[in-house]
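First, the structure itself, so that you have it in front of you.
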2 protein chains.
Amino acid sequence: MSSNATQRRGIPDATVTRLPEYLRALTALAESGTVRVSSEELASLVGVSSAKLRKDLSHLGSYGVRGVGYDVDHLSYQISLALGLTHDWAVAIIGMGNLGRALAAYNGFTSRGIQVVALLDRDPAVLGRVVAGLAIEPMADLPRIARERGVAIALVATPARSAQEVADAVVAAGIGSILNFAPTSIEVPDGVRVRKVDLATEVQILAFHQLQHDRALLSGLRTVIP
Amino acid sequence: MSSNATQRRGIPDATVTRLPEYLRALTALAESGTVRVSSEELASLVGVSSAKLRKDLSHLGSYGVRGVGYDVDHLSYQISLALGLTHDWAVAIIGMGNLGRALAAYNGFTSRGIQVVALLDRDPAVLGRVVAGLAIEPMADLPRIARERGVAIALVATPARSAQEVADAVVAAGIGSILNFAPTSIEVPDGVRVRKVDLATEVQILAFHQLQHDRALLSGLRTVIP
DNA sequence: ACGCCCTTGTGAACCGATGCACAAAGTCAC
DNA sequence: GTGACTTTGTGCATCGGTTCACAAGGGCGT
């Protein structure tokens, strides 16, 4: 193990959620031919404070040069390394409704470390249909598919009522991480990671803040016109 | 203003993000005919600790009964009230690619306080096409549409390169909140609310945690077999 | 009518994340 | 080779959120 920060046990969660954002911004910079970037520039590009950015990066190691900034390529590589994106992750998408098909066709995945290797659905009527170059396969084949193609992450895009059952099948197939798009929470054993993306929830949170804003305006008026 | 908690200024952000989850669980309970629920039951249903749940609810007021629990309908109503979901919010979806169409067809929205009232795209080739019962309209009409239909929230589902331009148009049309699905961060003036949903980022975060898990297993083996 | 029992609501300690401000460190010009 | 300048990396203070543990409070059985 090296000096002080090469791969310190435990990058804070809040930092981990921001690293992909930094990585994306860096990728865009690299594409535009930029070679070096300061914490100030990169931070404003992703919309965080430069102090936060520097502290985040300090958890991976000391890859900047004082008085100069960061080398775009090198920093990209180090973040990719920390996130484990130097090799591709095989993901399976389960549930081929509107959302599942959109996910299958989403090309933000292919760009960085993520490869969709299987599409599955429970409905026999859609089996064999090809979406984004992959044929839809039956749920019964999940264990074999997971094993043969090294699937580590499953995207669950089923209706709420089947999400738990699908999650159980995913766990039984030995897949260790689930990204749950179904509008329900799922139970998994210890040692299985779950994240949740809920579209309606996001809009509702936004509605709340919009309402607060509207109310603040209104009460502002009231104080002016008593 | 009433006693101590009716509508205290400032429900913590972390609480606001969880309220929609509670609301969904309560709705499911109500549908199954449940009348009363304890903090313990509800908490395990959404996967949080009961203490956190109670503290969250305490920010809205005192709607539980000690020794008994919460009335499902009444609590649902109070959360809806706090979130501003007692009336519907009109949302517009911009960008009718795979994701935009999936969002338009998503029926998790209609259920609770959210109504999709417009679909827009910049591409003249898709204008007029009907998706989920709504015709796709041109971006030029956004100001009129926003005004006439009271759009308060826009869902931006365009490619990254057009997201900023679309966001500017959204702000110019007087829409106060944006849910950004494009894989880029956008700049908006003060007083406009933005939330971001990034699918690739979510998978990358999951990949990181999966990697940590794998590494932990591996080093566990090493300590056993030196 | 009384007291037991159960669950809420919350004060206080704890923990992690954020923001501030500056010393450390390296570059570049001369 | 030296000094001035720039930007990083980080110690410290602060803030918000979570957890713990229990007193307050209401229902229900007797």
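Quantities reported herein were computed from a predicted structural model and do not represent experimental measurements. Sequence lines set the chain letters: A, B, ... in the order given, protein chains first and strands last, and positions in each chain run from 1. Computed over heavy atoms, backbone and side chain alike; hydrogens, waters and symmetry mates excluded.
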B:Leu53 CG - D:dC20 C1' separation (whole Å):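 Taking atom C1' of D:dC20 as the reference, CG of B:Leu53 is at 16 Å.
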Please confirm whether the shortest side-chain N or O distance from A:Tyr70 to OP1 or OP2 of C:dG26 is below 4.0 Å.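 A:Tyr70 to C:dG26 OP1/OP2: no side-chain N or O under 4.0 Å.
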For the side-chain contact (heavy atoms from CB on, under 4.5 Å) test, which of B:Val170, B:Val156, B:Val192, B:Asn180 pairs with B:Ile186?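 The residue from B:Val170, B:Val156, B:Val192, B:Asn180 that satisfies side-chain contact (heavy atoms from CB on, under 4.5 Å) with B:Ile186 turns out to be B:Asn180.
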Rounded to whole Å, how long is the line connecting atom NE2 of A:His59 with atom P of C:dT18?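 For the pair A:His59 NE2 and C:dT18 P, the rounded distance is 10 Å.
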Atom pair distance, as rounded to whole Å: CD in A:Glu40 and C1' in C:dG19: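 Nearest whole value for this atom pair: 13 Å.
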Rounded to the nearest Å, what distance is computed from the OH atom of residue A:Tyr63 to the P atom of nucleotide D:dG9?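 Answer to the nearest Å: 11 Å.
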Atom CG of B:Leu60 to atom C1' of C:dT8: distance rounded to whole Å?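 Answer to the nearest Å: 14 Å.
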Hey, which sits more toward the 5' end of DNA chain D by its nearest nucleotide, A:Val65 or B:Val68?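 It is A:Val65, whose closest nucleotide lies nearer the 5' terminus.
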Looking only at N and O atoms, is any donor in the side chain of A:Lys55 or the base of D:dG9 less than 3.5 Å from an acceptor on the other one?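 When only heavy-atom distances are counted, A:Lys55 does not reach the base of D:dG9 through any donor-acceptor pair under 3.5 Å.
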Indicate whether OP1 or OP2 belonging to C:dT7 is found under 4.0 Å from a side-chain N or O atom of B:Ser38.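 For C:dT7, OP1/OP2 do not have a side-chain N/O of B:Ser38 under 4.0 Å.
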Can you check the B:Leu75 CG to C:dT8 P distance for me, whole Å?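 These atoms are roughly 11 Å apart.
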Using the side-chain contact (heavy atoms from CB on, under 4.5 Å) rule, pick out the option among A:Thr15, A:Ile79, A:Leu83 that qualifies with A:Leu60.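 When side-chain contact (heavy atoms from CB on, under 4.5 Å) is applied between A:Leu60 and each of A:Thr15, A:Ile79, A:Leu83, only A:Ile79 qualifies.
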How many whole angstroms separate atom CG of B:Asp71 from atom P of C:dT7?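 It works out to 16 Å between those atoms.
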Would you say a side-chain N or O of A:Arg54 is under 4.0 Å from OP1 or OP2 of C:dA21?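 Checking A:Arg54 against C:dA21: no side-chain N or O falls below 4.0 Å of OP1 or OP2.
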Just by distance, no angles: are the side chains of A:Ser177 and A:Arg195 close enough, under 3.5 Å, to form a donor-acceptor pair?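 Note: A:Ser177 and A:Arg195 side chains miss the donor-acceptor criterion.
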I need the CD1-C1' distance between B:Ile11 and D:dG17, as an integer number of Å.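 About 15 Å, once rounded to whole Å.
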Considering only heavy atoms and no angle criterion, is a donor-acceptor pair shorter than 3.5 Å present between the side chain of B:Arg66 and the base of C:dT8?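 Flag set: donor-acceptor pair detected.
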Please work out whether the ring planes of B:Phe109 and B:Tyr106 are parallel, tilted or perpendicular, with thresholds of 30° and 60°.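 It falls in the perpendicular class, over 60°.
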Can you figure out which of C:dT18, D:dT18, D:dG9 approaches the side chain of A:Ser62 most closely?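 Given the options C:dT18, D:dT18, D:dG9, the side chain of A:Ser62 is closest to D:dG9.
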Quick check on DNA chain D: between A:Ser39 and B:Arg36, whose nearest nucleotide comes earlier from the 5' end?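 This one resolves to A:Ser39.
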Just call it for A:Thr15: base, sugar-phosphate, or nothing, with non-hydrogen atoms closer than 4.0 Å on any strand.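 No contact.
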Return the nearest nucleotide to the side chain of A:Lys52; candidates are C:dT10, D:dG17, C:dG19.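 The nucleotide sitting nearest to the side chain is C:dG19.
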Verify the distance criterion only: is there a donor paired with an acceptor across the side chains of B:Arg24 and A:Ser185 at less than 3.5 Å?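 Distance-only check fails for B:Arg24 and A:Ser185.
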